[in-house]
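A short worksheet on the structure shown next.
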Amino acid sequence: MKGVLYTTGMKQDLERAIATAVQELFGVGAVIELSRPEEQFGDYATNVALQLAKQVGKSPRDVGEALAVKIRENLPDTVKDVTVAGPGFLNVALTDHSLMQAAENKPARIYEGQTIIAEYSDPNPFKPLHAGHLYTTLVGDSIARMLEIGGATVIRINYGGDVGLHVGRAMWAIIKSLGGEFPEKLPGGTISERVAWLGERYIEGNTAYTEDEKSKQEIIDTNKRVYEVQARDDHDSPFAKIYWLGREWSYAYFKVLYDELKVHQFDRVIPESEIVPLGVQTVREQLQNNVYQESDGAVVFKGEEYGLHTRVFINSQGLPTYEAKDVGLLLTKWNDYKFDRSIVITANEQAQYMAVMLKSVEQFAPEPAKRSMHLTHGEVKLKGGVRMSSRKGNTVGAIEIIEAATKANRTLVGKDDPETVLGAVKYAFIKNRIGGDIIYDPEESVSLEGNSGPYLQYAHARARSILRKAQNAANSQQLTADSHLREGERTLVRKISEYAEVVDKAVVELMPHHICTYLYELAQTFNRFYEHNRVIGDKRENMRLALVARYAETLKTGLSILGIASPDKM
RNA sequence: GCGCCCUUAGCUCAGUGGAUUAGAGCGUCUGUCUUCGGAACAGAAGGUCGCAGGUUCGAAUCCUGCAGGGCGCACCA
């Protein structure tokens, strides 16, 4: 189900034209890959001559020279010049006119017609929301947006563990803390306070589970009771009342985070309890078919045959582990959506686990398994690479991050400015490549300067300010009306023309940080242009207004893929 | 022990199947301002791209080994 790049736009036209030239000159086929060299060398570059040299039996430079002549002949309107550089690289300079056309290119819709499931965020009820949840939510949100840019119909799914040992741990400590099963004794206060209280209980239960054998047994029993509450749909017993209330609080609190972050709404929230029956039933059925095996009273999948490892799907108590639940989840997605692709986004600690789960499903349901992929990101760490742990008491809460950023921004700017705060926080998290761990630096995440969200927003607001002041002629002119560009103008047009290519790359690789890197360069290029070139009152005002308008739109569209707002004024 | 991932300037990171001086931001130092918004711009200092081999005309980028760090490896999620 890999996306195939559509061949549209200036870059693809050029690639085809060069391939044709190769065919005409040497009678061989070649895949041309154009890159963007530094501006002084041209607008596009290719190393095709070096690749062909051996095959054709000529020196790379000779191949390059011959190609350069041919390309100039074939594309007199598009190409201003083709030169051979170094060992045989071809540097291609576009005419100003075609460069301006390239600045109008739109990203390819490589997922057109596909239904793609994006599952992300996945917080568990009864557990605190920490920095990692914030991060994974933002990554998922931007990736889902990228899939939409690529033309897909995206189903956003949020999956969470409302049953399982962590709930047992929390419930055990809650009951202990209440002095018995007394739902009426549950604390009041704001939703944050109540959830904070739950979080403390979870940590207590967690500690007791690892440190005290008797408590551990009690927690295991409590866990079973939670499954029974679900199975019997019990809403009346005091135990059940506590459970449902705690779950409700958690969900309410998740909503607080999503609202604060202004992320796109989920299409569906799937609690684990919903897919447990299908998961268990499926695993038991496939036990008959020998996909899964019994071992020490548990049901396992032996991954060793596939270079993986063995994992337990149903434990010896007869309760499903995360594994069996994920089987149920995957099949539920498949039954309900018949997706073309399903992407699950989590931290990388789950990478090998997920590989085992998918491999097991592949044995009896190959289609959904093959169409699934697991995209992982790193952990959020503190400055100096310090890992957060509730035991050390150095965890950072998800909402705490937004609150701290809001406060810091207030003292810096003197007013509340949620769009700037969110711009700063989101950009700080998304600008790094997915995969490695990222460092949460509270100061950097509220920074207004340099490579930051607010820098980009400011570079947008500045441009809008110019356009506001010159409303008259401004928006009527086409960028391509003037066929000759001055130096600073050309640099900006050239940068804008990279937009569609960068987004394509980000969408294909599912790497939002490419967009961050590019937009920062774009904003930088504009700020330089702004410093050195007058727009209003200049002889070239009309052309430059069209350029500024094109730039502002590009930046705004790009930021929207990251879920970052572009206010007209700041 | 086995598997996977990571190691680029003081800090935080881009760049990863070839190239021309390895790029940013922060921090440090120095400039620009009777300016369409200074949340800006211009410049300086700062790197044997973890170490050692190998392939190549050419390696931060590919291969091998080593070191350091992270994650996972049966009833947690």
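Nucleic acid contact for A:Glu444: sugar-phosphate only, since backbone atoms but no base atoms lie under 4.0 Å from a heavy atom of the residue. The residue A:Ser316 sits close to a base: some heavy atom pair falls under 4.0 Å. Across all strands, A:Ala461 comes closer than 4.0 Å to base atoms (heavy-atom distances). Here A:Ala45 lies in heavy-atom contact (under 4.0 Å) with a base. Contact annotation for A:Ala351: no contact, since no heavy-atom pair falls under 4.0 Å across all strands. Residue-level contact check: A:Ser295 touches the bases, meaning some heavy atom is under 4.0 Å from a base atom. Within the 4.0 angstrom heavy-atom criterion, only backbone atoms of the sugar-phosphate kind lie near A:Asn451; the bases stay farther away. A:Asn533 comes within 4.0 angstrom of a base, heavy atoms only. Across all strands shown, A:Glu379 has heavy atoms under 4.0 Å from sugar-phosphate atoms exclusively, and none from any base. Contact annotation for A:Gly436: no contact, since no heavy-atom pair falls under 4.0 Å across all strands. A:Asp568 comes within 4.0 angstrom of a nucleotide base, judged by non-hydrogen atoms across all strands. Across all strands, A:Gln457 comes closer than 4.0 Å to no nucleic acid atom at all (heavy-atom distances).
Using bins of under 30°, 30° to 60° and over 60° for the plane-to-plane angle, the ring pair A:His377/A:Tyr135 lands in the perpendicular bin. Ring geometry for A:His133 versus A:His130: interplanar angle of 30 to 60°, hence tilted.
When both distances must be under 3.5 Å, the Watson-Crick or G-U wobble mate of B:A39 does not exist. The nucleotide B:U7 finds its pairing partner in B:A67, both defining distances of the Watson-Crick or G-U wobble pair being shorter than 3.5 Å. B:C62 is paired with B:G54 under the Watson-Crick or G-U wobble criterion, all donor-acceptor distances under 3.5 Å. Under the Watson-Crick and G-U wobble criteria, each requiring two contacts below 3.5 Å, nucleotide B:U34 is left unpaired. B:G47 is unpaired under the Watson-Crick or G-U wobble criterion, no partner having all donor-acceptor distances under 3.5 Å. For B:A19, there is no paired nucleotide, since no Watson-Crick or G-U wobble pair has both relevant distances below 3.5 Å. Look at B:C73: its Watson-Crick or wobble partner, with both distances under 3.5 angstrom, is B:G1.
Counting atom types as modelled, A:Glu349 pairs no side-chain N or O with a base atom of B:G72 as donor and acceptor under 3.5 Å. Side-chain atoms of A:Glu443 and base atoms of B:U12 include no donor and acceptor less than 3.5 Å apart. Under 3.5 Å, the side chain of A:Ser447 and the base of B:A39 form no donor-acceptor pair of N or O atoms.
We find that CZ of A:Phe301 is positioned 17 Å from C1' of B:G72, with the value rounded to whole Å. Note: CG (A:Leu547) to P (B:C36) measures 19 Å, nearest angstrom. Rounded to an integer number of Å, the gap from CD1 of A:Ile439 to P of B:G70 is 13 Å. The CD atom of A:Glu119 sits 15 Å away from the P atom of B:A77 (whole-angstrom rounding). To the nearest angstrom, P of B:C13 lies 9 Å from CG of A:Asp441. Separating the CG atom of A:Asn432 from the P atom of B:C26 is a distance of 15 Å, rounded to the nearest angstrom. One interatomic measurement links the two molecules: OH of A:Tyr520 to C1' of B:A14, which rounds to 11 Å at whole-angstrom precision. Between the OH atom of A:Tyr455 and the P atom of B:A39 there is a distance of 12 Å, rounded to whole Å.
Of the C1' atoms belonging to B:C5 and B:U16, the separation is 15 Å, rounded to the nearest Å. B:C57 and B:C11: their P atoms are spaced 38 Å apart (whole Å). A gap of 46 Å separates the C1' atoms of B:C63 and B:U30, to the nearest Å. Comparing B:C51 with B:A60, their C1' atoms are spaced 14 Å from each other, to the whole Å. Rounded to the nearest Å, the gap between the C1' atom of B:G50 and that of B:A9 is 15 Å. Between B:G17 and B:A77, the two P atoms lie 38 Å apart (nearest whole Å). Here, B:U61 and B:U56 have their C1' atoms 13 Å apart, quoted to the whole Å. Comparing B:G46 with B:A39, their P atoms sit 31 Å apart, to the nearest whole Å.
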Would A:Tyr306 and A:Phe301 satisfy ring-ring contact (aromatic ring centres under 6.0 Å, His included), going step by step from the backbone distance to the final call?
-> CA-CA 11 Å; A:Tyr306 309 95; A:Phe301 177 76; 5.8 Å; yes
In sequence, state the C-alpha distance, the side-chain angles, and the governing distance for A:Tyr243 and A:Val226, and then conclude on side chain to side chain contact (heavy atoms under 4.5 Å, CB included).
-> CA-CA 8 Å; A:Tyr243 168 74; A:Val226 173; 3.6 Å; yes
Start with the C-alpha gap between A:Tyr251 and A:Asp162, add the side-chain angles, then the distance that decides, and say whether side chain to side chain donor-acceptor pair (under 3.5 Å) holds.
-> CA-CA 10 Å; A:Tyr251 281 129; A:Asp162 63 335; 4.8 Å; no
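Residue A:Gln524 is the one, among A:Asp417 and A:Gln524, whose nearest nucleotide of RNA chain B lies closer to the 5' end (criterion: closest heavy atom). For the pair A:Lys381 and A:Arg433, nearest-nucleotide mapping onto RNA chain B gives the more 5' position to A:Arg433.
Between B:C36 and A:Arg544, no contact under 4.0 Å exists linking OP1 or OP2 to a side-chain N or O. OP1 and OP2 of B:A39 both lie 4.0 Å or more from every side-chain N or O belonging to A:Arg462. Applying the 4.0 Å criterion to OP1 and OP2 of B:C71, one finds that A:Arg387 has a side-chain N or O inside that range. In this structure, A:His532 does not reach the B:U32 phosphate: none of its side-chain N or O atoms is under 4.0 Å from OP1 or OP2. For A:His309, no side-chain nitrogen or oxygen approaches OP1 or OP2 of B:C4 to under 4.0 Å. OP1 or OP2 of B:A42 sits under 4.0 Å from a side-chain N or O of A:Arg528. Of the side-chain N and O atoms in A:Lys431, none sit less than 4.0 angstrom from OP1 or OP2 of B:C13.
With salt bridges taken as basic N to acidic carboxylate O contacts below 4.0 Å, one links A:Arg490 and A:Asp43. A:Glu489 has a carboxylate O that lies under 4.0 Å from a charged side-chain N of A:Arg540, or vice versa, which qualifies the two as a salt bridge.
Judged by ring centres under 5.5 Å apart and planes tilted less than 30 degrees, A:Phe89 stacks against the six-membered base ring of B:A19. Under the stacking definition used here (centres under 5.5 Å, planes under 30°), the residue A:Tyr530 fails to qualify as stacked on the base of B:C41.
Within 6.0 Å of atom CD in A:Gln40, more than 12 heavy atoms from other residues, nucleotides or ligands are found, so the atom counts as buried in its surroundings.
Across A:Glu304, A:Lys302, A:Glu305, a single residue satisfies side-chain hydrogen bond (donor to acceptor under 3.5 Å, both in side chains) together with A:Thr310, and that is A:Glu304.
Checked against B:A39, B:C36, B:C76, the side chain of A:Glu449 finds its nearest nucleotide in B:A39.
Applying the ring pair (Phe, Tyr, Trp, His ring centres under 6.0 Å) criterion to A:Tyr551, with sequence neighbours excluded, gives A:Phe526.
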